[in-house]
Structure formats: C-alpha cells, structure tokens
Asker: 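For reference, the structure I am asking about is given below.
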Amino acid sequence: MLVKAADQAPFGEAISSRLNELAALSDESGRLTRLYLSPAHRRATDLVAYWMRDAGMSVRVDSLASVVGRYQAADGGGKTLMLGSHIDSVRNAGRFDGPLGVVTAIEVVKAAFKTGKRFPFAIEVIAFGDEEGVRFASTLGGSRALAGTFDDKALEELDEKGISRAEALTAFGCDPSHVAAEARPPDRTLGYVEVHTEQGPVLEQEGLPVGIVTAIDGVTRAAIEVDGVAGHAGTVPMPMRKDALAAAAEMLLAIEARARARSNLVATVGKMEVPGSAANVIPGKARFTLDLRSPSDDERLTAIRDIRQTIATIADKRGVSVRFTVGHEVPAAICDARLSEELVHAVEALEIAPRRLPSGAGHDAMAFDKIIPFAMLFVRCRGGVSHNPDEFASPADIDVAARVLSTFLDRIGSQ
Ligand SMILES: [Zn+2]
C-alpha cells in the first residue's frame, strides 16, 4: 500500500506548509525580509494569531508586539509554561529561523486541543518580533519584557528612517507605556522552551534530526589595532621591517590555533582593514576584529587572556605595537537542567540518541537567563545554512521536533 508523506510525518507536513505561508509575507518582493513592526510583520502577526485561535488559544498582542496565545490549564489555574520563538527575520532570510519554533508550538497545542487534552499548567505560545535586531539597534525586547529586564531606553532607538521604536509600536497599535506590566512572575512560570533550527552543521554531520541545547554561548567581541612602520616595498630589507599587516596575520593564525585546540570554543576574525594600503607600501597599520564564543565563561575568559598575551608576544617580536579593546561581553546563558533532561527523555522516547550541544547563536531564550528556567531543542538544517534563502529543515525532522515537544509536555504534565 502506498503511504503518503503526510501520513508518515503529519506534524512535519502541516508545519512545513504553514512555514511556506508565513514565508510569503515579506516586506520585499522576491525575497523574505520581515522586519520588526513592518507591514509584513503586521500580516504575520494576524496570521499567527488566527492559527493560535484555531488551536484553542486566546490571543493578544502585547505592548512590544509579541503575539501571545494562551491555552488554559485543565483546572483553569496552574502555572504557565511558555513556548515560542520569533517571526521577524534578517534581510533575504530563510523560512525556518524563528517561525519554526512558533508554528511547531502552535501545532502541538492544536493537536492537544483537537483531542480535548488539557495540561495541569497553562501554555503560552509566544511569537516575538524583534529577535534579529535588523531595524533597531537592540534586540530581544519582546523576550526581555517578559523577563522583566526590558530597558526603556530602547524605546528611543531610531531606525534608518528616523522613526523611534516607540513611534513604530504606537503605529502598530501597541502601547509601549505598558511594557513593565508584561513581566511574568517567575514563581508562576514553569519555564520557556524554544524549538529552533541549529543554524550549524553538527546534527547533520552526526546524522541526528534533533539535539538538546546545553547553553547559549557567551561572547567577547574585541577590536585589535596594530601599529608598525610604513615603508617603501622595494627599499626596506625584510629583517628591518615593522609590517603591521604581517603581524596581524600572525596574530590571526595564533587566535585560530588557540580556538582549534578546544572543543567548546569558537573564534572568528571577521574583519580586517589595512588603512591607506597600497601594493607598493609596507603596511604601517592594520585593524581587525575578534569574536570569541563559548558555552563556558571560564573557558572564554581564559582564552581571551591567553590571546592577549600571545598577541603582545607577537607584537614584541616584530617590533610593532598593539592595542586590544574589548567591545562587548555577554556571559553564557545556561539551559535549565531539569527542563533539558525532560527534553532528553522525550528524544530518547523516540529512540533517537540525545545529542547535547551548545548554541553559538543568540536566541530569545537567553533573555530569561537566571530569571525563568529555559531549554531549547535544535532541529537539523541542511548544510548548517541559516540567514539565507537556502535554509531548509525537512518535514521529517520537523515532525520529530514536534513529537519531542508533545512528549515533553506530557512528561512535564505528569509530574
Ligand atoms: Zn532565530
């Protein structure tokens, strides 16, 4: 007998088809761009709200334009478990980054609603609107509001047209003066769980559909400036040079080697500049950036200390001077052990090996760090590609994620 794909992965097919519907809502024709509080975000908000109501939830759009669908607990009371992700995107985005977590949560609640199932806790499915931070400088406003840590200064930030976040919110129909009231009481909140594409290649390489996130990496960003002596490319003998770019290159390779030596460290020199460079001039100055991440703050801080020392040694040896300026530092956000363990059990219940892995990218979940317990489930994505129209997660893998989430809810509910 012929079995249709939809029968094999009912969740996966339904979710994939809704992700395609959402992907059609774009601010630019021919590619997916859905910025915070834009016309496309408005339409996505309405569509998500419609899906939430169809899944038995009461819906409101909060003061920062997060869509909140509430599925009441069995007895109408109880604590609240939050599920969600974001529906804004980068420019020229893929279909899965963000919407996958929102739509998966809605479909799992819908399946419970259709069979009349209620849990001993309420579920809130939340579609955040400003995770990517493309329109305004700061990010995670929606999730920070729920954590009670939203900084009102962010309301004054201007987009490239000079419109403030507060003005854009008002035009969207929101009342930004009520942000403080969005904070969820930690003692009434079970946690926040987010399903998201991995945005990296690890699950694919290991042949696994899903993985459990251990922590969201802490980050150090730094700017490094090397000063040497500019000179004539023909007249200065090699041993007499103070070449800033050659020194920077050696520093870059030392950074790479330091990060390669550890499994829980990634370091990137993403930008290098040689001001006033010319083919026939020995570079007198070079600047580069460093982005270093780890799920362990100790690991990250030790690496930064080592790198600073190595860079100073290289500068000394080459007779150049170096300035190392730390730009910003964000500590790692550690996933809640109990919620993560329940995800592990839910994965094992599907006879899948429970791979634990850190998240090198930031997510709404990190806004809840040390305030409300959070956990994340990663879904394999093809080639590890993200922030790109080629982003893809298969209906079969999405189906696994939805079943894990569904099992997870049952497990939490039976405790
Ligand atoms: Zn995302």
Side-chain angles (χ1 to χ4, degrees), residues 15-16 18-19 22-23 25-27 31-38 40-41 44-45 48 64-67 82-106 125-136 138-147 192-204 210-217 219 291 293 295 330 332-333 335 357-369 374-393 397-398 401-402 405:
I15 293 164
S16 299
R18 286 189 160 181
L19 290 174
L22 262 179
L25 307 180
S26 174
D27 294 315
R31 61 182 204 165
L32 172 54
T33 299
R34 197 163 51 234
L35 304 191
Y36 187 39
L37 306 173
S38 68
H41 184 207
T45 294
V48 164
L64 287 178
S66 301
V67 198
M82 301 188 288
L83 308 175
S85 194
H86 61 96
I87 54 171
D88 63 319
S89 81
V90 295
R91 294 183 202 278
N92 198 21
R95 282 170 289 160
F96 300 85
D97 175 3
L100 173 68
V102 175
V103 175
T104 301
I106 293 172
V125 179
I126 303 157
F128 296 110
D130 70 335
E131 198 270 350
E132 299 290 5
V134 178
R135 181 167 179 184
F136 297 103
S138 66
T139 62
L140 309 182
S143 39
R144 288 203 171 113
L146 304 197
Y192 171 80
V193 179
E194 178 164 353
V195 175
H196 203 284
T197 50
E198 182 199 343
Q199 302 182 281
V202 174
L203 293 173
E204 182 175 71
V210 293
I212 302 97
V213 177
T214 53
I216 298 172
D217 281 359
V219 186
D291 175 309
R293 306 183 189 214
V330 181
C335 293
L357 71 171
S359 171
H363 296 286
D364 283 295
M366 65 201 249
F368 298 107
D369 187 35
F374 69 91
M376 288 190 75
L377 183 74
F378 270 172
V379 181
R380 167 169 56 189
C381 56
R382 190 172 61 200
V385 170
S386 186
H387 285 189
N388 182 309
D390 290 336
E391 199 176 83
F392 181 76
D397 288 356
I398 294 172
L405 187 60

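Computation of the quantities below employed the complete heavy-atom set of this structure, encompassing side-chain atoms and omitting hydrogens, waters and symmetry-equivalent molecules. Just so you know, ligand 1 is whichever comes first in the structure, and atom 1 is the first atom listed for that ligand.
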Asker: Between Asp97 and His196, is there a side-chain donor-acceptor contact under 3.5 Å, judged purely by atom types and distance?
Answerer: yes
Asker: Hey, could you give me the CZ/CE distance between Phe374 and Met82, rounded to the nearest 0.5 Å?
Answerer: 11.5 Å
Asker: Can you list, by chain and residue number, the protein N, O or S atoms under 2.8 Å from the Zn ion (ligand 1)?
Answerer: His86 NE2, Asp97 OD1, His196 NE2
Asker: Rounded to the nearest 0.5 Å, what separates atom CZ in Phe128 from atom CG in Asp88?
Answerer: 11.0 Å
Asker: Taking Phe96 as the fixed residue, which of Ile15, Val103, Ile398 is the one that meets the side chain to side chain contact (heavy atoms under 4.5 Å, CB included) rule?
Answerer: Ile398
Asker: Would you call the rings of His41 and Tyr36 parallel, tilted or perpendicular, taking 30° and 60° as the class edges?
Answerer: tilted
Asker: What's the separation between atom CZ in Arg34 and atom NE2 in His86, rounded to the nearest 0.5 Å?
Answerer: 10.0 Å
